[in-house]
Colleague: 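Attaching a single structure in structure tokens format; questions to follow.
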Amino acid sequence: MTDPKKIDILRVTHLRGPNIWTYRPVIEAWVDIGTLEDHPSNTIPGFYERLIAFLPSLVEHHCSPGVRGGFLQRVREGTYAAHIVEHTTLELQNLAGMRTGFGKARQTSTRGVYKIAFRTRQEQVGREALVAARDLVVAAINGTPYDITTMVNHLRDQVDDLCLGPSTAHIVDAATARKIPSIRLTEGNLVQLGYGINQRRIWTAETDQTSAIAEEIASDKDLTKSLLKACGVPVPEGELVKSAAQAWEVAQEIGVPVVLKPYDGNHGRGVSLDLRTQSDVEAAYALAFRKGGGSSVIVEKFIPGNEHRMLVVGKHMVAAARGEAIWVVGNGVDHIDQLTDDQINSDPRRGTGEDFPLNAMLPSKSGEIILELERAGLTPESIPSKDQRVLIQRNGNVAFDVTDLVHPSVAAAAALAARVVGLDIAGVDMVLEDVTKPMQSQRAVVIEVNASPGLLAHIKPADGVGRPVGKAIIEHLFKLDRDGRIPIVGITGTQKTGRIARLIAWLAHISGKHVGLACSEGLYLDGRQVESKDCANWEAGQRLLINRSVQAAVFENGSKAILAEGLAYDKCLVGVVTDVGWQASLEAFDILDAEQTFKVARTQVDVILPIGTAVLNAADPQVVELAELCDGKVIFYGMDPNQNVMSEHRTAGEQVVFVRDDQIVLAHGLKEIALLPLASLKPAKASQPEMVMAAVAAAWALNIPPELIGAGLRTFESNPRKTPY
């Protein structure tokens with residue numbers, strides 16, 4: 001082809017909740033492939049070879065053939081540019097470290113224009129990956145260069161900056177495995193698990209149960225040690241000092257060798273071990289004082305052995321990792337910095353980001369290493385003789401899993417130390433000669449108890465199997481029969497759905513719950529209108545889900561909101577569909593008829609929990625079709641109890657709601673559970689039996705007793721009370 005081909009991205013929408021594509025957040029993009037509509041991939045000379053040269057990892061995409069290499073098979077046989085952009089976007093996200101797999105590409109009613117939907121865990125990264133994918137595919141089509149390495153590195157930096165850290169993501173993944181929903185509350189690592197009153201919050205390895213007092217105690221190493229000692233936990237003898245001279249005095253009193261470390265430090269910064277001379281102690285004091293930000297310094301008795309990190313969650317030790325000394329071997333040519341880079345940093349497990357279990361090292365930039373080298377008469381610029389072993393770090397690198405080797409008495413001591421300090425999640429640092437032996441048979445001490453411990457050494461150890469510490473944290477926060485959910489009701493359709501939502505919320509409130517409601521008539525808490533504008537949207541819904549006082553929530557979900565934003569919640573207990581009504585406003589989303597509207601309405605039914613219920617209008621044939629898509633039970637409602645759908649459902653022993661002789665009847669199989677006279681209701685409601693039936697059926701699905709439903713119908717106010725918000 002002589003004329004360059006192009007692909008235009010027409011619009012991009014982030015669907016932040018369940019949507020017509022999938023249960024998870026996706027980005028939906030409309031792309032115009034222009035003249036490429038007439039040029040599928042198999043008609044473009046060299047395109048296949050250029051594409052796989054850019055992205056050989058596309059071989060892992062199964063696509064519709066369902067096998068490794070399936071997508072590339074489609075490219076060879078002939079597929080369209082929009083489909084290729086979809087897969088390329090997914091792969092760029094994967095290469096950047098944000099694993100995703102779901103994607104779809106579908107034609108619209110306009111020739112050459114496609115909708116692409118792809119899973120993304122972070123909107124900005126997803127948007128940038130989309131643009132990069134478009135540019136890469138265009139380059140492969142036109143045979144022009146594309147710098148894939150630079151782009152992947154950029155996206156990787158974006159993932160590091162914008163996505164959840166690996167520790168937090170590990171906990172959230174464990175929650176997802178338990179079907180516990182999550183909401184990211186900030187751009188950082190503050191995450192809500194669960195909804196409303198049943199929510200819990202985490203901030204990496206801190207939880208809403210982590211005591212601020214316990215954190216203060218843990219940061220005060222001297223106080224921590226005194227409390228541990230008082231409770232029988234072995235700790236090294238030591239003292240707080242405020243000068244280098246005093247440090248040497250204390251070292252002489254307790255006996256060398258000693259350890260010096262900052263009073264207020266972490267991550268092993270400023271810690272010097274096995275100090276035996278006055279000059280070493282004074283130099284170590286200066287380092288600890290500087291690394292500790294000018295605070296006091298602790299002098300402790302040096303205990304031979306390896307440092308270990310024990311992760312305690314609740315009352316139990318759930319993971320353990322061991323550290324080790326690091327050496328380099330001289331070759332008579334290179335200086336210590338170069339030897340370290342060649343022999344230590346070449347380990348693929350080492351790096352500077354959170355994804356690496358071991359840190360990269362540069363002796364000339366580390367005060368601790370420089371001090372260690374000076375004790376051996378060396379500097380980072382020294383050139384060791386051939387085969388000379390040089391100690392770079394005596395301890396640290398605590399990333400070698402030993403969980404299965406820990407003696408029960410060692411685990412018990414770690415758990416006791418965390419309990420004494422008062423932390424629900426703690427990293428307990430211990431020095432042990434042998435982790436497999438009882439505490440009393442060796443010189444073993446607890447040297448620190450840390451709040452907000454790092455989890456990466458246990459999730460992704462340098463050696464050994466990763467431990468499910470996220471699962472342990474979730475089990476600590478949620479009992480095994482709890483999922484952090486509250487009863488949620490969602491309503492979609494075009495038939496008075498706002499008023500139905502208000503009535504359901506009132507019936508739930510009458511049953512004794514604090515109820516939140518987001519609908520087209522406003523935002524409500526316990527029947528009080530706190531915002532009068534249209535709140536049938538994602539943002540208003542999220543406000544209810546993060547509210548700790550809300551015990552149940554009701555949401556109106558119009559088709560436009562589902563198409564533009566997705567649902568505010570991941571799953572619901574009750575889903576109500578009044579009708580599958582197409583509206584002209586849906587043309588903007590390329591939804592052109594009732595058949596396509598059906599796919600929008602089914603979103604509400606698709607998210608009903610297996611223990612939940614779909615409340616469906618038996619008078620609408622398309623709504624009836626939704627019943628077979630529901631994972632839970634179904635309640636049909638309708639004016640005519642003898643209609644085939646109603647009678648068959650009732651004969652099968654299921655629940656229906658209908659009107660007979662001016663009474664709303666609740667029937668379970670052939671048994672009539674309750675009769676609610678329409679004459680006792682307010683005239684406005686009595687004249688709208690379909691609306692009332694939908695609300696009554698939803699309340700019944702929430703297990704609200706019929707007597708309370710009747711009371712709620714009699715007391716419902718069409719004009720809400722207002723309160724400032």
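For clarity, every value in this text was computed on a predicted model and none was experimentally measured.
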Colleague: I'd like to know whether CD of E595 has more than 12 heavy-atom contacts from other residues, nucleotides or ligands below 6.0 angstrom.
Modeller: no
Colleague: Okay, side chain of Q107, backbone of K115: is any donor-acceptor separation there less than 3.5 Å?
Modeller: no
Colleague: Heavy atoms only: give me the nearest E556-A501 pair and the separation to one decimal.
Modeller: CB-CB, 4.4 Å
Colleague: Give a yes or no on whether the backbone of T578 and the side-chain of N617 come within a donor-acceptor separation of less than 3.5 Å.
Modeller: yes
Colleague: Should D579 and K496 count as an ion pair when the cut-off is N to O under 4.0 Å?
Modeller: no
Colleague: As an exercise, state the distance from CD1 of I33 to NZ of K6, rounded to the nearest 0.5 Å.
Modeller: 13.5 Å
Colleague: Distance from K460 atom NZ to L455 atom CG, nearest 0.5 Å?
Modeller: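 Those atoms lie 14.5 Å apart.
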Colleague: Under 4.0 Å between a side-chain nitrogen and a carboxylate oxygen: does that hold for K179 and D483?
Modeller: no
Colleague: Could you give all pairs that pass the ring pair (Phe, Tyr, Trp, His ring centres under 6.0 Å) test and reach residues 561-614, with sequence neighbours left out?
Modeller: F555-Y569
Colleague: Just to verify, what does T186 make a side-chain hydrogen bond (donor to acceptor under 3.5 Å, both in side chains) with, not counting sequence neighbours?
Modeller: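 Checked T186 against side-chain hydrogen bond (donor to acceptor under 3.5 Å, both in side chains); zero matches.
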Colleague: Say you draw a straight line from CZ of R68 to NE2 of H62; how long is it, rounded to the nearest 0.5 Å?
Modeller: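 Here the rounded value is 8.0 Å.
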Colleague: For the residue pair Q583 / T494, report whether a side-chain donor-acceptor contact shorter than 3.5 Å exists.
Modeller: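 No - no donor-acceptor pair under 3.5 Å links their side chains.
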Colleague: Hey, what do you get for CE (M151) to CG (D135), rounding to the nearest 0.5 Å?
Modeller: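 Going from CE on M151 over to CG on D135, the span is 7.0 Å.
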Colleague: Quick one: does any side-chain atom of D590 pair with a main-chain N or O of S109 as donor and acceptor, under 3.5 Å?
Modeller: yes
Colleague: Using modelled atom types and a 3.5 Å cut-off, is there a donor and acceptor pairing between side-chain atoms of Q542 and backbone atoms of W538?
Modeller: no
Colleague: In chain order, what residues pass the side-chain contact (heavy atoms from CB on, under 4.5 Å) check against V12, with sequence neighbours excluded?
Modeller: I9, I27, A29, R127, L130
Colleague: Is it the case that the side chain of N19 and the backbone of P25 share a donor-acceptor pair, with hydrogens and angles ignored and the cut-off at 3.5 Å?
Modeller: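 Not at all, since once roles are kept as given, no pair shorter than 3.5 Å links the two residues.
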Colleague: Determine, stepwise, if the pair T13 / L15 fulfils side chain to side chain contact (heavy atoms under 4.5 Å, CB included).
Modeller: CA-CA 6 Å; T13 305; L15 303 177; 3.8 Å; yes
Colleague: Name all residues meeting the salt bridge (Lys or Arg N to Asp or Glu O under 4.0 Å) criterion together with R178; count only those two or more places apart in sequence or in a different chain, and write none if there are none.
Modeller: none
Colleague: Go through the structure and list residues passing side-chain hydrogen bond (donor to acceptor under 3.5 Å, both in side chains) with E28, not counting sequence neighbours.
Modeller: W21, W30
Colleague: With a 3.5 Å distance limit and no angle check, can you tell me whether E565 reaches the backbone of G17 through a side-chain donor-acceptor pair?
Modeller: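 Not a single qualifying donor-acceptor pair exists.
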Colleague: Distance alone, cut at 3.5 Å: any donor-acceptor contact between the side chains of N547 and S549?
Modeller: yes
Colleague: Out of the candidates I491, V624, V623, only one should pair with V577 under the side chain to side chain contact (heavy atoms under 4.5 Å, CB included) rule; please name it.
Modeller: V623
Colleague: In chain order, what residues pass the side-chain hydrogen bond (donor to acceptor under 3.5 Å, both in side chains) check against T110, with sequence neighbours excluded?
Modeller: none
Colleague: For residues N557 and Q604, determine if any side-chain heavy atom of one lies less than 4.5 Å from a side-chain heavy atom of the other.
Modeller: yes
Colleague: Give the C-alpha distance, both sets of side-chain angles, the deciding distance and a yes or no for side chain to side chain contact (heavy atoms under 4.5 Å, CB included) between L51 and I84.
Modeller: CA-CA 10 Å; L51 179 67; I84 300 169; 4.1 Å; yes
Colleague: Under 3.5 Å, is there a donor-acceptor pair between the side chain of R121 and the main chain of V125?
Modeller: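 Flag not set: sc R121 to bb V125 has no pair under 3.5 Å.
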Colleague: Holding to ring-ring contact (aromatic ring centres under 6.0 Å, His included), I want the full list of residues that pass it with Y637, two or more places apart in sequence or in another chain.
Modeller: none
Colleague: Test your reading of the model: is there a side-chain donor-acceptor pair from T89 to the backbone of V85, 3.5 Å cut-off?
Modeller: yes
Colleague: Provide the closest heavy-atom pair for R74 versus P65 in the form atom of the first, atom of the second, distance.
Modeller: CG-CD, 4.0 Å
Colleague: Output all residues satisfying side-chain contact (heavy atoms from CB on, under 4.5 Å) with P461, sequence neighbours left out; order by chain, then residue number.
Modeller: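 So P461 forms a side-chain contact (heavy atoms from CB on, under 4.5 Å) with D401.
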Colleague: Check whether NZ of the Lys or CZ of the Arg K104 lies under 6.0 Å from the centre of the six-membered ring of Y114 and within 45 degrees of that ring's axis.
Modeller: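 Because its charged atom misses either the 6.0 Å distance or the 45° angle limit, K104 does not stack over Y114.
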Colleague: Looking at every heavy atom in both L573 and P487, which two are closest together, and how far apart are they?
Modeller: CD2-CB, 4.0 Å
Colleague: Check this for me, if you would: do D570 and R485 make a salt bridge, where the nitrogen-to-carboxylate-oxygen distance has to be below 4.0 angstrom?
Modeller: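 Yes.
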Colleague: Would you indicate whether R24, at its atom CZ, is surrounded by more than 12 heavy atoms from other residues, nucleotides or ligands within a distance under 6.0 Å?
Modeller: no
Colleague: Test of understanding: with ring-ring contact (aromatic ring centres under 6.0 Å, His included), list the residues that count as partners of H83, not counting sequence neighbours.
Modeller: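 With sequence neighbours excluded, H83 shows a ring-ring contact (aromatic ring centres under 6.0 Å, His included) to F71, H87, given in chain and number order.
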Colleague: From L58 CG over to L90 CG, what is the distance, rounded to the nearest 0.5 angstrom?
Modeller: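 Nearest 0.5 Å value for the CG-CG distance: 9.5 Å.
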Colleague: State which residues pass side-chain contact (heavy atoms from CB on, under 4.5 Å) with I546; sequence neighbours excluded, sorted by chain then number.
Modeller: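 Expected list: I183, L185, Q192.
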Colleague: I need the minimum non-hydrogen distance between I504 and A695, along with the two atoms involved.
Modeller: CG1-CA, 3.6 Å
Colleague: List the steps, then state whether side chain to side chain contact (heavy atoms under 4.5 Å, CB included) holds for C630 with E628.
Modeller: CA-CA 6 Å; C630 180; E628 63 184 23; over 6 Å; no
Colleague: Return the minimal non-hydrogen interatomic distance between L626 and V605, and the atom names on each side.
Modeller: O-CG1, 3.7 Å
Colleague: Does T43 use its side chain to pair, donor to acceptor, with the backbone of P40 at less than 3.5 Å?
Modeller: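 Checked: pair present.
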Colleague: Among I500, V576, L517, V574, exactly one meets side chain to side chain contact (heavy atoms under 4.5 Å, CB included) together with V554. Which residue is that?
Modeller: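 It is L517, the one option of I500, V576, L517, V574 that forms the side chain to side chain contact (heavy atoms under 4.5 Å, CB included) with V554.
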Colleague: Looking at CD1 of I488 and SG of C572, how far apart are the two atoms once the value is rounded to the nearest 0.5 Å?
Modeller: 7.5 Å
Colleague: Can you see whether R156 engages Q158 through a side-chain donor-acceptor pair at a distance of less than 3.5 angstrom?
Modeller: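 Side-chain D/A pair, R156 to Q158: absent.
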Colleague: Which residue pairs pass the ring pair (Phe, Tyr, Trp, His ring centres under 6.0 Å) test with at least one member in residues 153-195, sequence neighbours excluded?
Modeller: none
Colleague: With the threshold set at 4.0 Å, does a side-chain nitrogen-carboxylate oxygen contact exist between R111 and D38?
Modeller: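 Yes, charged N to carboxylate O under 4.0 Å.
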Colleague: Please report the shortest heavy-atom distance between F478 and G484, naming the atom on each side.
Modeller: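 Result for this residue pair: CE2-CA, 3.6 Å.
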Colleague: Would you please test L358 and D347 for side chain to side chain contact (heavy atoms under 4.5 Å, CB included) and show each step?
Modeller: CA-CA 9 Å; L358 297 172; D347 187 335; 4.3 Å; yes
Colleague: Is it true that a side-chain atom of T79 and a backbone atom of V75 form a donor plus acceptor pair closer than 3.5 Å?
Modeller: no
Colleague: Kindly check if the number of other-residue, nucleotide or ligand heavy atoms within 6.0 Å of CD (E60) is above 12?
Modeller: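 Result for CD/E60: enclosed.
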Colleague: Can you run down the side-chain hydrogen bond (donor to acceptor under 3.5 Å, both in side chains) pairs that involve residues 44-59, sequence neighbours left out, and say none if there aren't any?
Modeller: Y48-R76, S57-E91
